[in-house]
Amino acid sequence: MIAIFKELIVSSGLVSLTGGNLIMWLVSFVLIYLAIKKQYEPLLLLPIAFGILVVNLPLTFLMEPEHGLIWFFYHYGIENDIIPPLIFLGLGAMIDFGPLIANPKTLLLGAGAQVGLYVTFFAAILFGFDLREAASIAIIGGADGPTTIYLTSKLAPQLLGATAVSAYAYMALVPIIQPPMMKLLTTDHERKIVMSKLRPVSRLQKICFPIISAMTIMLLVPASAPLISMLMMGNLFKESGVVERLTKASSNELMNIVTIFLGLSVGATMTATTFLNPKVLFIFFLGLFAFIISTASGLLMAKFMNLFLKDKINPLIGAAGVSAVPMAARCVHKVGSEANRRNYLLMHAMGPNVAGVIGTVVAAAILLKNLG
Amino acid sequence: MTDWSKVFEVFGSGIVGVYLVMLLLQILTQLSTRIIDMIESRNQSGDTAVKPPVTDDKGKV
Amino acid sequence: MPELLAPIAGNVWKILIAVGDKVELDDEVIILEALKMETPIYCDDSGTITEIRVKEGDAVNEGDVLAVIG
């Protein structure tokens, strides 16, 4: 009888627990709290947090190569680059490129914000990260979760958990991170600028845009193909108006399904041994730095464009050039309406916001081409 | 050790590349908008009964 | 007669006025919802509301008339 009891204890995970596991439980509990109570990107943070918890229960071998359940999700979904492009398919089926087509200049703002990403790349190297790790950290500044996961899983898979969590966490914190920089770099007068009404965009234009941009981007940067092809096909589904079932499947069912596997697998990469590493703190710090510098470079790009434009743009919309759709656009709208309550920048900010998604993918693809 | 020439190469080619792609996309978008505007205004001034005017939906995600 | 136009596309979230109400410049009259964000619309003129052209839940386009102020 006692022997059976002893056997149960010895074969349980309890004896194999390490201090690191306990710390990871705490990390997981904090993330679960943030997801449920504060609703910081709960759709992703909750499966990530639960993934962290279960993978830090000893002897479960959920991430054991060729055996563990979550390892299969991770291997087939993320290592083989299936899930991030599928998320992009859903994203494409939800995005409205209308404000971007109405004001194509905002494409340059989407490029402007990516400058911050390369500045961070530089900074990360000064901190002692190698080139591939530095690129994975820099992409956090693009504020695009799937792209961050896509690039990190190819260049520096050991950092995947940290870069993914910091990308999603900072996206949720956009309303706190961005406004100080926005106020610092713009004058009250500039924030008050009311932009002229966006021109109407016809259905034909909206149908042509994903086709033209898919061809242009993929011809110039073939490495962007997995993400851009899915994004633009999703958008073509939506704008064509004839395949509503496919649009809905991409943006609802399929997207929700892969989100579960994405979150769980990313969380499960965070075992105590890989995550509890001084490097991770630097990643969170550099990720925040990337976010702030991308915001700044977007704003400065908008101010620079204003030097040449007759019809001035409100420089605040440059801050929406970091992707984070639509959090960054909402944030711009809010700061704009604080300066002038008749200022409705939301739709104007959606242009650079969706341009930022394209810009981040292009930037990631170029990094991948140079370092992959 | 860190290969600084590679760092600068990645840095430079990245920034130039992103701007180039976005600029080209901007030009192509403007061009296609202009062409589509022309086609649509011709359709409208011609036989409106054959092709109903295209309505745009509300700019929402 | 001055018209109150929608400055942004979205759904009508709340209507804070009724026909016959007196409004002042800068009064908050209607709240629109776009991208899950509430956007208050302020009055451009003082006067009396003579007509409200939308109801709560309606989808409006940029430039649509929301109300008429007499």
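What you are looking at is a predicted structure, and each value in this text was computed from that prediction instead of being measured. Sequence lines set the chain letters: A, B, ... in the order given, protein chains first and strands last, and positions in each chain run from 1. Just the heavy atoms: all of them, side chains too, but no hydrogens, waters or symmetry mates, feed the values below.
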Is the A:H333 ring parallel, tilted or perpendicular to the A:Y344 ring (thresholds 30°, 60°)?
-> tilted

Looking at A:L131, A:I212, A:L371, which one has more heavy-atom pairs under 4.5 Å with chain B than the rest?
-> A:L131

Measure A:I366 against the heavy atoms of chain B and call it side chain, backbone, both or neither at under 4.5 Å.
-> side chain

Hey, can you tell me if B:W4 and B:F8 have their rings parallel, tilted or perpendicular (30° and 60° cut-offs)?
-> tilted

Cut-off 4.5 Å, heavy atoms of chain B, and the answer for A:A355 is both

Chain B contacts, top residue of A:V362, A:V221, A:T106 (heavy-atom pairs, under 4.5 Å) | A:V362

Heavy-atom proximity to chain B below 4.5 Å, by part of A:L220 = side chain

Under a 4.5 Å heavy-atom cut-off, does chain B meet the side chain of A:S213, its backbone, both or neither?
-> both

Looking at B:V10, B:D3, B:L20, B:I35, which has the largest count of heavy-atom pairs under 4.5 Å with chain A?
-> B:V10

Between A:S323 (side chain) and A:G356 (backbone), is there a donor-acceptor pair under 3.5 Å?
-> yes

Can any side-chain N or O of A:S294 pair as donor or acceptor with the backbone N or O of A:G141 at less than 3.5 Å?
-> yes

Contact part of A:F122 toward chain B, heavy-atom cut-off under 4.5 Å: side chain, backbone, both or neither?
-> side chain

Chain B heavy atoms under 4.5 Å from A:I101: which part of the residue, side chain, backbone, both or neither?
-> both

Residue A:K369 versus chain B: region with a heavy atom under 4.5 Å | neither

Do other residues, nucleotides or ligands put more than 12 heavy atoms under 6.0 Å from A:K248 NZ?
-> no

When you measure from the side chain of A:R330 to the backbone N and O of A:L346, does any donor-acceptor pair fall under 3.5 Å?
-> no

Proximal component of B:T2, with respect to chain A [non-hydrogen, under 4.5 Å] | side chain

Interface moiety of A:M301 toward chain B, non-hydrogen atoms closer than 4.5 Å | side chain

Counting heavy-atom pairs under 4.5 angstrom with chain B, the leader among A:D130, A:I358, A:L367 is A:I358

Any side-chain heavy atom of A:M255 within less than 4.5 Å of one from A:S250?
-> no

Applying a strict 4.5 Å limit to non-hydrogen atoms, the region of A:Q205 in contact with chain B is both

Which class fits the ring pair A:F97 and A:F209: parallel under 30°, tilted 30 to 60°, perpendicular over 60°?
-> tilted

Side-chain touch A:I139/A:F121, heavy atoms, less than 4.5 angstrom = no

